[in-house]
Amino acid sequence: MLTTNPFDDDKLREECGIFGVSGAGGAAALTALGLHALQHRGQEAAGITSFDGTLFHTHRAMGHVAGNFDRDDVIRGLPGDVACGHVRYSTTGETALRNVQPLYADLSTGGFAIAHNGNISNAMKLRRELVRRGSIFQSTSDTETIIHLVATSNYRTLLDRFIDALKQVEGAYSLIVMTPEGMIACRDPLGIRPLVMGRLDGAVIFASETVALDVCGATFERAVEPGELVIVQGTEIRSIRPFQAVDARPCIFEWVYFSRPDSIAGDQSVYSVRKEIGAQLAIETPVDADLVIPVPDSGVPAAIGYAQQSGIPFELGIIRSHYVGRTFIQPGDKVRHLGVKLKHNANRALIEGKRIILVDDSIVRGTTSLKIVQMMREAGAAEVHMRIASPPTRHSCFYGVDTPERAKLLAAKLDLGGMTDFIHADSLSFVSIEGLYKALNAARGDKPSYCDACFTGDYPTTLTDHDETASVDQFAMLAERVA
């Protein structure tokens with residue numbers, strides 16, 4: 001099988017999207033609708049768990065929401081007015097049905113279902129300790145660690161046991177939990193991963209992005225605050241903040257790429273922020289050219305901002321087909337390149353003889369940018385200049401984003417000149433970290449207001465599992481040298 005979306009193969013991928021509803025008839029159908037709107041956050045698998053007041057019901061499947069949850073028989077098998085759902089792209093744990101969420105367990109307090117967006121950065125250490133104490137894991141997902149911490153907590157009430165579990169984990173999490181007592185939605189104290197709350201005819205809805213509320217016809221009320229637990233029983237809510245307050249550090253890449261442009265994140269339009277990033281890019285890195293061309297689809301808002309700021313015409317120089325499936329059977333190596341063109345093709349009549357500026361959201365390994373530049377040259381472009389609407393990605397993410405190991409990140413290996421030569425562009429520039437913050441109406445300062453570790457290496461939490469692995473690797477290298 002060959003992916004037919006060459007411009008998405010070299011992107012950073014968010015781990016997942018979550019959605020929950022309490023107090024609505026047909027909650028599972030509403031959850032499926034919400035997951036459709038969050039499909040871009042995870043395309044590997046999807047799952048929904050519902051509660052009918054007595055029993056929990058779960059359906060999980062590999063693949064997209066469409067085809068798995070648009071069938072009447074599936075939705076009928078998920079009765080109840082409370083439900084939560086999850087779309088997944090794995091960053092921890094193998095690609096297997098046992099890792100598809102929501103995860104469910106029968107605890108001494110009753111049923112417990114959990115959907116998680118993020119990554120527990122000390123999950124391996126916690127897992128080893130739990131297994132030593134007798135826990136039996138059914139998945140390789142870091143999310144299951146939370147279930148076992150709740151199950152083995154010495155606190156009496158489920159809420160206290162849940163809080164006790166969260167106080168033992170590090171990293172990033174937005175969670176929706178279902179129990180017989182009600183639903184709990186929460187974010188980690190730094191608010192690295194997003195979660196918002198809305199209402200629909202009295203029902204309470206949680207989602208990773210506001211666009212999922214829009215699609216369901218719900219009204220956006222507010223974001224779940226960093227470190228906040230929102231407890232829902234039916235349609236009644238209460239809020240507690242059991243953690244010590246710290247300065248929030250939401251993931252800055254939500255505005256660069258992860259969130260849909262029609263979402264509101266941190267009280268700002270994602271689309272407007274991306275346009276402003278493009279404008280900052282034009283101010284910082286001008287170039288004399290004939291056309292500004294976006295790399296579809298994620299580069300479009302930034303390209304519009306670049307064109308408006310620079311006065312250079314915006315044009316669709318790469319045409320995307322929306323009628324090609326994600327994969328096709330590859331008959332042989334000879335058609336590999338033709339398969340790529342099924343999804344995107346150069347608008348030759350527009351490009352030929354022109355000096356063009358390609359605008360994209362990021363460069364990860366650089367393989368995608370190389371393909372795009374090559375496509376433009378084959379279409380007759382006189383010059384190809386690349387402009388990137390984020391700073392160079394030099395560091396791996398450990399908070400729920402699938403990032404290649406640092407040695408595979410182009411910006412970690414090469415300087416700007418080396419990267420320009422690698423992708424065969426006439427010039428290459430990135431927006432500065434200061435320009436990115438300016439587009440978000442913020443200044444980086446001594447205490448950054450976002451998690452920008454993938455650009456700066458400034459991680460807002462300890463990274464226990466990574467540090468332990470690095471220490472083992474360094475010890476092995478030292479032992480090899482001594483031997």
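Residue numbers start at 1 and run along the sequence shown. In this text the structure is predicted, and so the values were computed from the model without any measurement.
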Fit a plane to each ring of [X] and [Y], take the angle between them on a 0 to 90° scale, and name the class: parallel (under 30°), tilted (30 to 60°) or perpendicular (over 60°).
X: Phe56; Y: Tyr104; result: tilted
X: Trp255; Y: Tyr450; result: perpendicular
X: His59; Y: Phe69; result: perpendicular

Determine, for Glu276 against Lys438, whether the closest basic-nitrogen to carboxylate-oxygen distance falls under 4.0 angstrom.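 No, this pair does not count.
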Quick one: does any side-chain atom of [X] pair with a main-chain N or O of [Y] as donor and acceptor, under 3.5 Å?
X: Arg161; Y: Val150; value: yes
X: Asp214; Y: Ala37; value: no
X: Arg187; Y: Arg193; value: yes

Closest heavy-atom pair and its distance - [X], [Y]:
X: Arg406; Y: His395; result: NH2-CE1, 3.3 Å
X: Gly77; Y: His57; result: O-CB, 3.5 Å
X: Ser22; Y: Met183; result: CB-SD, 4.4 Å

Check the side chains of Thr145 and Asp142 for a donor-acceptor pair under 3.5 angstrom, ignoring hydrogens and angles.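 Looking only at side-chain atoms, Thr145 and Asp142 do not form any donor-acceptor pair under 3.5 Å.
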Taking side chain to side chain contact (heavy atoms under 4.5 Å, CB included) as the criterion, tell me which of Val232, Leu213, Thr219 meets it with Ile205.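 That would be Leu213; it is the only one of Val232, Leu213, Thr219 passing the side chain to side chain contact (heavy atoms under 4.5 Å, CB included) with Ile205.
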Pick one: which of Ile147, Ile184, Leu229 meets side chain to side chain contact (heavy atoms under 4.5 Å, CB included) with Val177?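 Filter result, single survivor: Ile184.
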Gap between atom CG of Leu38 and atom CD1 of Ile18 - 0.5 Å precision: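 The distance works out to 9.0 Å.
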Considering only residues two or more places apart or on different chains, which pairs with a residue in residues 136-183 satisfy ring pair (Phe, Tyr, Trp, His ring centres under 6.0 Å)?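 As it turns out, the ring pair (Phe, Tyr, Trp, His ring centres under 6.0 Å) pairs with a partner in residues 136-183, which skip direct neighbours, are Phe137-His148.
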